[in-house]
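What follows is a single structure, written as structure tokens, with notes after it.
Per chain, numbering begins at 1; letters A, B, ... match sequence-line order.
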Amino acid sequence: MDLNPTAEDRAFRTEVRRWLETNAATGDVKTLDERKAWHRKLYEAGYVGMLWPKEYGGWGRTPMQQAIVQDEMARLGAPPPINGLGIGFIGPTIIVHGTDWQKQRYLKKMLTAEEIWCQLYSEPNAGSDLASLKTRAEDQGDHFLVNGQKIWTSSGPIADWGILLARTDGKAAKHKGISCVLLHMRQPGVEVRPLRQITGSSLFSEVFMTNARAERRDLIGNLNQGWEIAQTTLGWERGANSLGRVTRYAVAFNQLVRATKELRRGGKPLLEDAAVRARLGKAYAELEVQRYAALRVLSALQNSDSPGAASSITKLSYTEFEKRYFELALEILGPYGQLVSAREEFEDIDTSSGEPGTWATAFLWSRAGTIYSGSSEIQKNIIGERVLGLPKEVRADRLKA
Amino acid sequence: MDLNPTAEDRAFRTEVRRWLETNAATGDVKTLDERKAWHRKLYEAGYVGMLWPKEYGGWGRTPMQQAIVQDEMARLGAPPPINGLGIGFIGPTIIVHGTDWQKQRYLKKMLTAEEIWCQLYSEPNAGSDLASLKTRAEDQGDHFLVNGQKIWTSSGPIADWGILLARTDGKAAKHKGISCVLLHMRQPGVEVRPLRQITGSSLFSEVFMTNARAERRDLIGNLNQGWEIAQTTLGWERGANSLGRVTRYAVAFNQLVRATKELRRGGKPLLEDAAVRARLGKAYAELEVQRYAALRVLSALQNSDSPGAASSITKLSYTEFEKRYFELALEILGPYGQLVSAREEFEDIDTSSGEPGTWATAFLWSRAGTIYSGSSEIQKNIIGERVLGLPKEVRADRLKA
Amino acid sequence: MDFSFSSDQQLLKNSARGFLDEHVKPATVRLLWDDPRGESDTLWKEIAQLGWLGLSLPEAHGGSGLGMVETALLLEEMGRAAYPGPYWPTVLAATAIELAGAEAQKKRWLPAVATGDARATIAFLDTELDWRPEAAQTRAEKTGKGWTLSGRKRFVPWAHVADVLLVPAQTPDGLTLFLVDPRAAGLALEPVPVMDLATRLVDVTLDRAPVAADALLGGPGQAGPLLAALLRRGAVGAAAEMLGAARRCLDMAVGYAKVREQFGQPIGSFQAIRHKCAEMLLEAENSHSAVYYAAWALDAKAEDAELAASVAKAYVGDAARKVCGEAIQVHGGIGFTWEYDLHLYFKRAKALESMYGDGDYHREAILRRVAA
Amino acid sequence: MDFSFSSDQQLLKNSARGFLDEHVKPATVRLLWDDPRGESDTLWKEIAQLGWLGLSLPEAHGGSGLGMVETALLLEEMGRAAYPGPYWPTVLAATAIELAGAEAQKKRWLPAVATGDARATIAFLDTELDWRPEAAQTRAEKTGKGWTLSGRKRFVPWAHVADVLLVPAQTPDGLTLFLVDPRAAGLALEPVPVMDLATRLVDVTLDRAPVAADALLGGPGQAGPLLAALLRRGAVGAAAEMLGAARRCLDMAVGYAKVREQFGQPIGSFQAIRHKCAEMLLEAENSHSAVYYAAWALDAKAEDAELAASVAKAYVGDAARKVCGEAIQVHGGIGFTWEYDLHLYFKRAKALESMYGDGDYHREAILRRVAA
């Protein structure tokens, strides 16, 4: 047990910090072109696709180094790269399960953000129960005819390609009739409608597919192997954001402390109020524990202990913490925490959701964390069943099967 | 809506208070004989069996008046009557479902505590799932032969009689083969073994029945009607303790406040620490809400709105509150809260469990509240299903049926 | 002792529900988000005609002379509808005028409020995040003709549509309450957009704003206890509104849990969801007890009325936040979308949580009373 | 960067588990409840022979020179066994002597501790409920031959079996630490029975208790920083023990949930129980991270070592209480019985929660560091 960073990682961190300090603040990063340009710059510096094998254009770095990059970006509030889902999940899926042709065709352009990718998994009636998805892909020989609706698609409006789960065998058991295929988003049969969240912005979309066409050559793995593929290859960005996330919490904590110095009650700054102090102290303890836990995850990844189902603990832990954390912040800040446009320095924060905003934005976003990518309820099911080995639930769909 | 007590109730409260002040402090109430004598005195004053019809020796009072008596007893720390389960639940069951002979034989002696009663329902393998009980009562014509084991029996060692749920038809569906019969506890086939709780005392027992004999004439209702009887008649003491319970919390609160005046931190009494104040303020708010809720229940009872399944909300509410409440007290009191024999005045409290003791006793007892008489999980199931009308759980025993 | 509503009260509640269901649909609320005033004059006139604005005002001044229980009933329904408008600030300000005003002031304002011809609000909070009335930093200086007021009042509800502002300010005699015309010289109003787009808060800057000598509400130096009483009353009203928001969220969550299926069964049949709903109901029921006990206690001038007001605000603030938040969780993704109406109530409850004294303020108020 | 245990560490942990499973069974713990000393001399000698007592002491004084990580490993296992005895107070007091003692003091005490021939403890807490070292009220007055100490030290762990007490007292030079013989004149020891019958706390009254001139541990007036460091170290050790208790409760709850059937299925297949167990595991895993990060930071003299110690104690105190409490709930009635062993660990975790600085103390310590 030695939690000191290695000399190599320390040097790497210094290098990353220096690079970011030089490069991050130059010019706006708002329009799609600007974001693509920034992404490309990050890529060329070796800070995107860090875990990808070199043969596919990646950098063959360690999870720790990847986490260091994200951590330093969080510290500086540097804009994130674009195409995160592609590089984190879809690219690795293609590398593991794709054909040589697919790798040739898609990987490099994904890394460089020349083409933006989205994920077409969830449906209005298939959320926690993803395997009950209804979108159909009819086998037409050289292509599939796709009909159905997807939801919670990130980057929908800017996506060039999507990775799609669709039902190719309606008669098989629900997990068995699903295939995974790449779908060109820029075709008449695909309509993307932005979906607004309660924060007021639209980071997600609904995607409607009406006789959309997916090529046979874009089938990933075998026909009806889609569920298996979706379950097994979602792991290449594990821990990437673990340190950066906590750093973002810490940055927000400093802003909260600043606020409690400026806001006053009973004739003195809030920060001198023992009741406020006790709650801040508790929040910071939890925040630090998230950091220690992040190091533990990175250490496990380094030792090639795949965290597997235990990553459900991590997700449950930080999303539930984040909810308590921003709830506390809003409780302390009173009406100042509810502003949707910042007027003071302490009101303008990085929400760790990719959407900058105020405390209110962060508070609202924190409600999403325990829902997306497997709700807290689903995570607890997984932990109970796969980590603790508790007996399976008695469930209606299992009785039918 | 008028929450003022009626003139009659106000007068009644004054009368009760006066009576208790005169009578409660006279002599020890520790031995069984002393407790029976005190019970008898309370009964003769009209403070026991208050909701029983006059024809059975009761006083035909209102739930509010009953609550007032308990409230005043709590305020004074007066010892409770004995035979609570008999008078609250078993007597009413006999009144509703019993034969004339049973009423003649048992009711008056129960009221006067000449005979003490216990309840023989739970079994080691039938707790939450009471209907899966295994104790058998074989029909022998004029009597039943009883074999099995019961657990969590209050007043076991002092009980003369018990109300027993036992299986009389092993082939029927589990709710259908159960009968309700009265069992004489003073017979060779009945062995009572005290069961110690984590507080160190033994308020419960295990009861072992080996070829014990229950008379046919002591069958309550019809054969195999036991489950139905157990479900429907448990309601005559509803709300009785509702005010007294909150008063006990309030008495404890005052002791906690006294403790925070005597104990010091940072050179000043704990009570001047804003962090302690905030937590105490929150606890008191919850305590008061329990009081308002108690009034609401009493009001509903008065208006003959049987609270029905909604009483699950009450039970869930106060037991979970009590857990938080004593947890908070121990957090504030530090090691002083862990003493098992009191040295200072603020360390000696009424635990609202019937067992006097220290904060530690109260804290430990509070863990039982969310388990006994239907755990919090069971209460939430009931609320979800019967109050909110949520669809039934998919459950293994239902699939078999 | 009767904790149930009288038939008149129940009737009032039902008719309020009916009216709001029809006239303040979620779509109505959404329309007003983009309105610069944020409220509808038509709606205002309608609720005046229903007698809601004068509900608790004396009959002598055009009101119905009903109490806080009836007002709370309305406010609960308004919370349930995420009603957008200055109802509660106006009624509360009118109560201030009723309690402390000179006869001329009552005549000027109370009938106008009752008929829907005037809106009003109270500027409780100063620059500091301190709800104690005595913490006000705005100062009033005596001039030949009256006074000038200087300071900054923050987060004043609906000040931009008010016809009169009640502004507490420090004078040499102590804290004093002034009736101020929001359109007068020396006042600058700046809207403060918050999470709940149907709650309008306004920063009011007073820069030597002149007010007339007869603009005092009550005697000089006497505003402290009055403001404390108004804050308590405001708190009970806010608690009622939060209760309504929580009820709505609970109803939506339960309704959704009954029909939404995953894994072949309604999600309400999973213990995780059903137990959550049960806990939400518990909080809603306790909140009901807290709100109506406190409202009754104010009406009855019960000896624990002040305590009960703080209990209600502190308890319901936490409870409503929890219930509304859990409703999002029960819904999953759909509950997080702008198009789905849940966030209207979630945000309303959250907005009210920090108004009329936040949890910290009321918990401290409770403790001051019970741990002397 | 490696958060996993080395193979030596893992070996130590396994052998500790093995030893305690065999020699400190629940039945052993129960036997000692009624023992006036509350501990077993045989057991003490055995753990001395295993090298546990000298584990972290310098090799020059008969120890193994290992660190806080290894000590925490042992303490976790001890918490898991609800080990009864003065292990941690003794080792912590020995650390104090190692850190601040004169060579003669080290020679006198350290080898004796390592061989199991001496027990020791530190009297952190004075009459006040104030864990800050400077809050000590006990006074030392200089006499011709040395000092006399007067005051009352409360809740001193295992003082009744200690061969030496470390007593902080105020002198004209400031807070000073004294080595005191508990059997000396002027001392009265009164056992204080607490919930966890395997945790022995003792009130120590000093009434002009004479101590020799050479009984100072470290220089006069220099005890403050040393005591603060010991309190932090003590806190990390206590956190490790609470983690062990929580792990044991979790294991018992999960084991029970797998086999206990109600309604025709194992209770662990109900979401209410399985989700509770998942939350308990989350708390245990986070506690693990907190304990071992803090232990490593102390060994590595990391710049955040002081922060991490407070984080561990504050976090694990809450987490262990929650986990052990929920384990009772998962068990239902059986978990509330004296005969079932769950309460051994539940009470141990609770007892440690308020020792070596309670949550309030450490949360304030955290905030002082991060919000300067």
Side-chain angles (χ1 to χ4, degrees), chain A residues 1-6 9 64 250 253-254 256-258 260-261 271 274 276-282 284-300 302-303 305 310 312-314 316-317 320-321 376-377 379-385 387-394, chain D residues 1-6 9 69 250 254 257-258 264-271 273-282 285-290 292-297 299-300 302 304 307-308 310-316 318-319 359-360 362-372:
Chain A
M1 191 169 167
D2 176 9
L3 305 181
N4 279 315
T6 61
D9 285 345
M64 185 66 195
F253 188 86
N254 290 336
L256 188 55
V257 167
R258 194 188 312 152
T260 59
K261 285 176 182 167
L271 185 58
V276 171
R277 293 181 73 78
R279 280 177 286 177
L280 286 177
K282 186 167 157 60
Y284 200 84
E286 291 191 47
L287 188 160
E288 277 294 285
V289 171
Q290 297 297 329
R291 192 166 73 81
Y292 310 153
L295 289 175
R296 199 162 154 221
V297 166
L298 288 167
S299 160
Q302 199 134 292
N303 295 339
D305 297 342
S312 285
I313 299 177
T314 308
L316 182 64
S317 179
E320 293 289 344
F321 163 70
S376 287
E377 288 75 25
Q379 304 302 341
K380 288 180 203 169
N381 271 347
I382 294 172
I383 295 166
E385 211 162 293
V387 186
L388 293 173
L390 289 167
K392 274 182 193 276
E393 254 182 284
V394 177
Chain D
M1 206 283 299
D2 190 355
F3 214 127
S4 61
F5 296 132
S6 69
Q9 288 165 342
V69 171
L250 172 60
V254 169
K258 286 180 185 175
Q265 58 187 95
I267 60 171
S269 61
F270 289 110
Q271 284 189 343
I273 300 296
R274 103 206 263 95
H275 287 192
K276 214 183 273 298
C277 290
E279 288 161 15
M280 291 158 71
L281 179 65
L282 163 64
E285 291 298 331
N286 277 348
S287 295
H288 177 104
S289 301
Y292 290 102
Y293 187 93
W296 168 80
D299 286 342
D304 62 348
L307 174 66
S310 284
V311 166
K313 183 61 170 50
Y315 187 91
V316 181
D318 288 344
D360 279 344
H362 286 290
R363 284 188 281 269
E364 173 59 26
I366 291 166
L367 204 66
R368 264 203 323 277
R369 277 172 206 289
V370 299

Problem set entry | Min side-chain heavy-atom separation Arg368(D)-Arg277(A) under 4.5 Å | yes
Proximal component of [X], with respect to chain A [non-hydrogen, under 4.5 Å]:
{"X": "Arg369(D)", "result": "neither"}
{"X": "Leu367(D)", "result": "both"}
{"X": "Tyr292(D)", "result": "both"}
{"X": "Asp318(D)", "result": "side chain"}
{"X": "Leu281(D)", "result": "side chain"}
{"X": "Val254(D)", "result": "both"}

Top of [options] for chain A proximity - count of heavy-atom pairs under 4.5 angstrom:
{"options": "Ala308(D), Ser6(D), Ala294(D)", "answer": "Ala308(D)"}
{"options": "Ala278(D), Ser289(D), Pro266(D)", "answer": "Ser289(D)"}
{"options": "His362(D), His288(D), Glu279(D)", "answer": "His288(D)"}
{"options": "Asp360(D), Leu307(D), Val311(D), Asp299(D)", "answer": "Val311(D)"}
{"options": "Arg363(D), Met1(D), Lys276(D)", "answer": "Met1(D)"}

Considering only heavy atoms and a distance below 4.5 Å, find which of [options] pairs most often with chain D.
{"options": "Ile313(A), Val289(A), Asp9(A)", "result": "Val289(A)"}
{"options": "Thr260(A), Leu256(A), Asn381(A)", "result": "Asn381(A)"}
{"options": "Ala250(A), Gly384(A), Ala293(A)", "result": "Ala293(A)"}
{"options": "Ile382(A), Val387(A), Asn4(A)", "result": "Asn4(A)"}
{"options": "Lys282(A), Met1(A), Lys392(A)", "result": "Met1(A)"}

Exercise. For Asn254(A), what residues pass the side chain to side chain donor-acceptor pair (under 3.5 Å) criterion, not counting sequence neighbours?
Worked result: none
For this session: Heavy atoms only: give me the nearest Ala257(D)-Leu390(A) pair and the separation to one decimal.
Result: CB-CD2, 3.8 Å
Problem set entry | From CA spacing to verdict: side chain to side chain contact (heavy atoms under 4.5 Å, CB included), Glu285(D), Ile383(A) | CA-CA 12 Å; Glu285(D) 291 298 331; Ile383(A) 295 166; over 6 Å; no
For this session: For the pair Lys258(D) (side chain) and Leu388(A) (backbone), establish whether a donor and an acceptor sit closer than 3.5 Å, ignoring hydrogens and angles.
Result: yes
Problem set entry | chain D contact via Arg291(A) - which portion, at a heavy-atom distance below 4.5 Å | side chain
Exercise. What part of Gln379(A) lies closer than 4.5 angstrom to a heavy atom of chain D: side chain, backbone, both or neither?
Worked result: neither
For this session: For Arg274(D), check salt bridge (Lys or Arg N to Asp or Glu O under 4.0 Å) against everything at least two apart and list the hits.
Result: Glu385(A)
Exercise. Can you tell me how far CG of Asp2(D) sits from CG of Leu295(A), rounded to the nearest 0.5 angstrom?
Worked result: 11.5 Å
